[in-house]
Each structure stands twice: as C-alpha cells, then as structure tokens.
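Model, not experiment: these values are computed from the prediction. Below, each value reflects all heavy atoms present in this structure, side chains not excepted, and no hydrogens, waters or symmetry copies.
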Amino acid sequence: MKKIRKVIGMILSMLMLWTTTVSLAAEQYTIRVLNARQNETYRIYRMMDAVANAAMDSYSYTIASGWDAFFAEGGAGKDYITMENGYVVSVDEARIEQFGKAAAEYVRTASPSEAASSLTAPSNQTIVFELSSPGYYLITSTAGTLTAIQTTPQSKTVTVTEKTLNSVISCEQLGTAGTTVMIGTPVQYQDRLTLQKGALNEILHLDLSDGMSLSQIDSITVNGTPLTVDTDYVIVNDPSDDTCDLHIRFTQDWLDQISEPTDVMVKFTVYLNGDAAAMPEVETMKTWLSDGAATVTKPVSKTLSTLFFDLIKIEYESEEELAGAQFELFTTAADGEKIALVKDGEGLYHVADPKEKSAENFTSAIIEAGKARITGFSSWSTVYLEEIKAPTGYNKVGSRIEISFQNENRENFMEGTTWTEDDGGIGVVNHKGALLPDTGGSGNTFFYIFGGALCMIGGILVLRLSTMEKE
C-alpha cells in the first residue's frame, strides 16, 4: 500500500502544461476548462478507473474499459506506464506530454470508447465537465490540444487552463519593388513565425486576392538551415477545407522537436496578374497562423497595386479624337524589349502576366486608338510608345513617345472629342499627309511654258526667215 501511495505521489507531480488533479468526491467530480476556445469541441475520456479506501487516504488505478489495447504489449501507451498485477504503479513523468499525445492519437484512430462528455464552446469562456466517477482522464479538443488529468480525493473541483496560441507571425517585403509594381514583376515577402515548445497542428495560411498570384515558395528555414518538404512541412494548394489559397502545415514530428521558442523564416514570391486593380484600388495578400481550429493569429496584410495610362489619338488641325492608329510598347527609346499586352475589351489593355505569356499560341495585342487605357505599370517607371500604323491619310509619328509615371496614373479627363494637354493622358498628334501633284506638280507647268515659248520662238524664226527671203 505504501508503494501505491508513492506512485500516486509521482502522478501528482505530472502537472506541466498537460496535467492537474481532479477530486475523488463521493458524488460528483467537476473539471473546469478555462479559456476554452470559441467553436472548438472538447471531449473527455476516462483512461483509468480510480478506487479509494474508506478513509480516502489510499487509492489505486486500473485500466478503464476500451483502453486495454492502448496499454497492452505493443500498444502506444505501454512505454509510458509500468503495471503490476493489473495496477498502474508508475508513469513516465519525463514524457508525460508524449503520453498525452499518444493517447489522443489512440482516441482519434481507435475510438476506444464513447467520450464521457463532449462540449462545444460558443465563445472564449469556461466550460465545465460534470463526471459521475473518478479516474484518470484525457481531454482533447478539435485544435488537438490535450490534457492528462488525474483524480485524487484532495478536492471536488479541478481547474485546467486551455493553452493559448503563443505562436507569433510578422511579414515584410524583401527587395525594393515597393507597393506599386508592373504586372508580372516578382515581389518577395518573408514571414517570420515564432513557434513555441508544445506547438500543435501549426498551419501557415496564405490568401491572395484575385489580382495577385503566387509564383513560388522560395524557402523555409530555421537559423539558415532549410526544412525538408513532406518531412518537416507539407504544402497544400487550394485546400478544400479552408478559405485560403495555400497552407503550409508543419508536421507534428517536427513540431515535437521544438524545445524553445523557434523562429521559422518562410520566403515566398508573388506577382500581380492580369486581373490586378489599378490605383487607388489595391490587391491584398493575407497571411496568418492557426493550430488547426478556430484559434488563429491576427492576419497580417500586405497590398500591391499598379498604374495605367490613357492614350488619345489626336488630329492636328481640329485637335479632335482620331481613330485608326496602331501602337506597341517598348522598354527603351530605341530597340529594347517589346512589352507584351492582352486586350480586355474595346479600348482596354493590360500588360501580360507570366501565365498569360506562357499560354499556347499567345500573341501580344496591338493597341488600337482612338482612345485606349493600358494598365499594369510601376511607379517611377518609363515606357515607350511606338506608332506602327497611322490612320489612313495621315503621317506616322517618327519616333517613340516617352511615358513616365511619377507614382500616379496618366489619366485622361477629356470631355467630348476635343483634347488639350490639360485633359491629361498621353495625346499623340497625327498630321495629314502633303497633297502631291498627280505627275510631278510644278514640273508640268514648266514644260507647258517652255513648250509655248519654243512655239513662239519658232513662229518668230519662221516669220523672220520668210521676210529675209522676200528681201
């Protein structure tokens, strides 16, 4: 009997974050869970039965119904306890956390018995389990948190506190791209995750608005050492059970190796796609951590936007809008790379993104003006517009036109059909071609005059010769 009391004394010391004590009262046993998380379901299972003597100063533990396989030879719980003659005589205190996790996994996969009780927290609050018999209990929740709880005759009510999500996340942009960028330009971010010892089911979420696309996950490192995909973490694209575009789930085997607060650096690259909004509208990237349930860190948001310019083709004399011209865009004033474009609709174009340019049979659109709006440029950048076809009857502009963005759109506010520089946008003026004579212009007149002069001279000579002959 002394040996059993010693064993129970050891069990009482298994408090850490997973253990506490529950009273062995004669009628009712109460376990209160403080800070229960909103919308999480908590279940309690009796792993061991407790029996006390009349004086309530000596008691013993036996395996509860449904748990024999867990504690039997070859079972996941066998390595954590020592039994003699059907009684639990010791528990591996140094591995009590692993013991609780193994028991929770057994519940998840083997369903050893119905939960003694199940409660869902409607909000962050205290929930109370009312139990009719003493024992050693396991509490699980939908987040995966667990608590191994033992009953003793010391009190009627035991209180445990739900572990809060101590993980921390921050996000910063790397490089010099800024927040107003050209469609298709890679923009790199870095998430810093601080994970704590005992972390469970940690998932990094990434959600992008429609005008932003993920290029790739560049690296996931701890102290500069890369983690191993599918061993330390798993990447899930478009998870069916989530509202984000991607999540990175850290494996529990890797999380169990964390012995102190650990910074995980996650680098990833995004770009604005063809659906990107132009200033003042923005595209948003959100990133946050969760532990697999409703509990999350506050999302961190980053925004990107792009710029546009309005092109207006103008007739020189009337200063009115002139249709029929065609244009292309380039990166430099001479030669340079042509900027690929996509036509969105009548008079609407955007810079092609990488996915669009790599599509089969892609051909860059040609800007047709009249009036057109072209979207997808970065702040403080310069592009060059080249007229490749003038309206019929007009001369083509001879050199490329420089278009600069000072962190603002080059927007046209023209009312009606007449444009001035005060109306904004990029006005391109065409001159009418010169009207040339059908066969050389003034050259015909010269020959007419010259011919007439010859005729006159000829006539004078004839008259002169005729007069001389008469004389």
Side-chain angles (χ1 to χ4, degrees), residues 173-189 208-213 215 269-285 302-313 325-359 362-388 397 399-414 419 421 423-428:
Q173 186 186 111
L174 304 179
T176 59
T179 58
T180 308
V181 298
M182 192 169 187
I183 288 177
T185 297
V187 182
Q188 190 179 53
Y189 292 94
L208 307 175
S209 58
D210 292 341
M212 194 184 297
S213 297
S215 176
T269 299
V270 303
Y271 62 86
L272 291 183
N273 60 42
D275 293 325
M279 285 181 64
E281 297 182 48
V282 297
E283 299 297 333
T284 303
M285 179 274 295
K302 297 293 181 180
T303 61
L304 293 174
S305 188
T306 192
L307 299 172
F308 67 81
F309 74 88
D310 289 332
L311 170 62
I312 308 94
K313 188 66 177 173
Q326 294 182 347
F327 296 87
E328 290 182 327
L329 283 172
F330 293 85
T331 57
T332 58
D335 300 324
E337 180 183 353
K338 184 167 70 173
I339 298 172
L341 300 173
V342 173
K343 186 174 183 178
D344 297 316
E346 189 64 32
L348 298 173
Y349 304 82
H350 71 258
V351 175
D353 65 40
K355 187 175 181 179
E356 291 169 329
K357 288 192 288 187
S358 63
F362 171 79
T363 301
S364 177
I366 292 173
I367 303 169
E368 297 177 317
K371 290 173 68 176
R373 172 167 291 185
I374 303 91
T375 302
F377 305 96
S378 60
S379 59
W380 310 104
S381 63
T382 301
V383 296
Y384 295 85
L385 183 71
E386 180 177 319
E387 186 175 45
I388 60 173
V397 175
S399 59
R400 293 178 183 174
I401 299 166
E402 180 181 298
I403 303 172
S404 297
F405 299 88
Q406 279 74 46
N407 200 33
E408 60 184 4
N409 298 313
R410 302 293 300 272
E411 187 171 4
N412 171 47
F413 300 98
M414 181 176 73
W419 178 86
E421 288 189 5
D423 292 321
I426 305 299
V428 178

Checklist entry - Any idea how Phe309 and Phe405 line up, ring-wise: parallel (<30°), tilted (30 to 60°), or perpendicular (>60°)? => result tilted
Checklist outcome for this item: Residues at least two apart in sequence or cross-chain that pass salt bridge (Lys or Arg N to Asp or Glu O under 4.0 Å) with Lys357, listed by chain then number, are none
Item to check | Set of salt bridge (Lys or Arg N to Asp or Glu O under 4.0 Å) partners for Glu283, sequence neighbours left out | outcome: none
Checklist entry - What pairs with Ser213 under side chain to side chain donor-acceptor pair (under 3.5 Å), at least two apart in sequence or on another chain? => result Asn273
Item to check | Glu408: side-chain contact (heavy atoms from CB on, under 4.5 Å) partners, not counting sequence neighbours | outcome: none
Checklist outcome for this item: Residues passing the side-chain contact (heavy atoms from CB on, under 4.5 Å) test with Val282, sequence neighbours excluded, are Thr284, Thr303, Ser305
Next on the checklist: Going by salt bridge (Lys or Arg N to Asp or Glu O under 4.0 Å), name the residues that satisfy it together with Glu411, two or more places apart in sequence or in a different chain.
Outcome noted: Arg373
Next on the checklist: If the condition is side chain to side chain donor-acceptor pair (under 3.5 Å), which residues does Ser381 pass it with, not counting sequence neighbours?
Outcome noted: Ser378
Item to check | Among Ile374, Thr375, Ile366, the one residue meeting side-chain contact (heavy atoms from CB on, under 4.5 Å) with Leu341 | outcome: Ile374
Checklist entry - Looking only at heavy atoms, which two atoms of Thr306 and Asn409 are closest? And how far apart? => result O-OD1, 4.3 Å
Checklist entry - Between Asn412 and Trp419, is any pair of side-chain heavy atoms under 4.5 Å apart? => result yes
Next on the checklist: The criterion is ring-ring contact (aromatic ring centres under 6.0 Å, His included); which residues satisfy it with Tyr384, sequence neighbours excluded?
Outcome noted: none
Checklist entry - Atom CD1 in Ile312, atom CD1 in Ile426: separation rounded to 0.5 Å? => result 7.5 Å
Checklist outcome for this item: Residue set satisfying side chain to side chain donor-acceptor pair (under 3.5 Å) with Ser404, at least two apart, ordered chain then number -> Thr382, Glu402
Checklist entry - Of all residues at least two apart in sequence or in a different chain, which pass the salt bridge (Lys or Arg N to Asp or Glu O under 4.0 Å) check with Glu386? => result Arg400
Checklist entry - What are the two closest non-hydrogen atoms of Gly376 and Val351, and how far apart are they? => result O-CG2, 3.6 Å
Next on the checklist: Checking Glu346 now: which residues fulfil side-chain contact (heavy atoms from CB on, under 4.5 Å) with it, not counting sequence neighbours?
Outcome noted: Lys343
Checklist entry - Partners of Thr179 by side chain to side chain donor-acceptor pair (under 3.5 Å), sequence neighbours excluded? => result none
Checklist entry - Is there side-chain contact between Phe377 and Ile403, with at least one heavy-atom pair below 4.5 Å? => result no
Item to check | Interatomic distance, Ser379 atom OG to Met279 atom CE [nearest 0.5 angstrom] | outcome: 8.0 Å
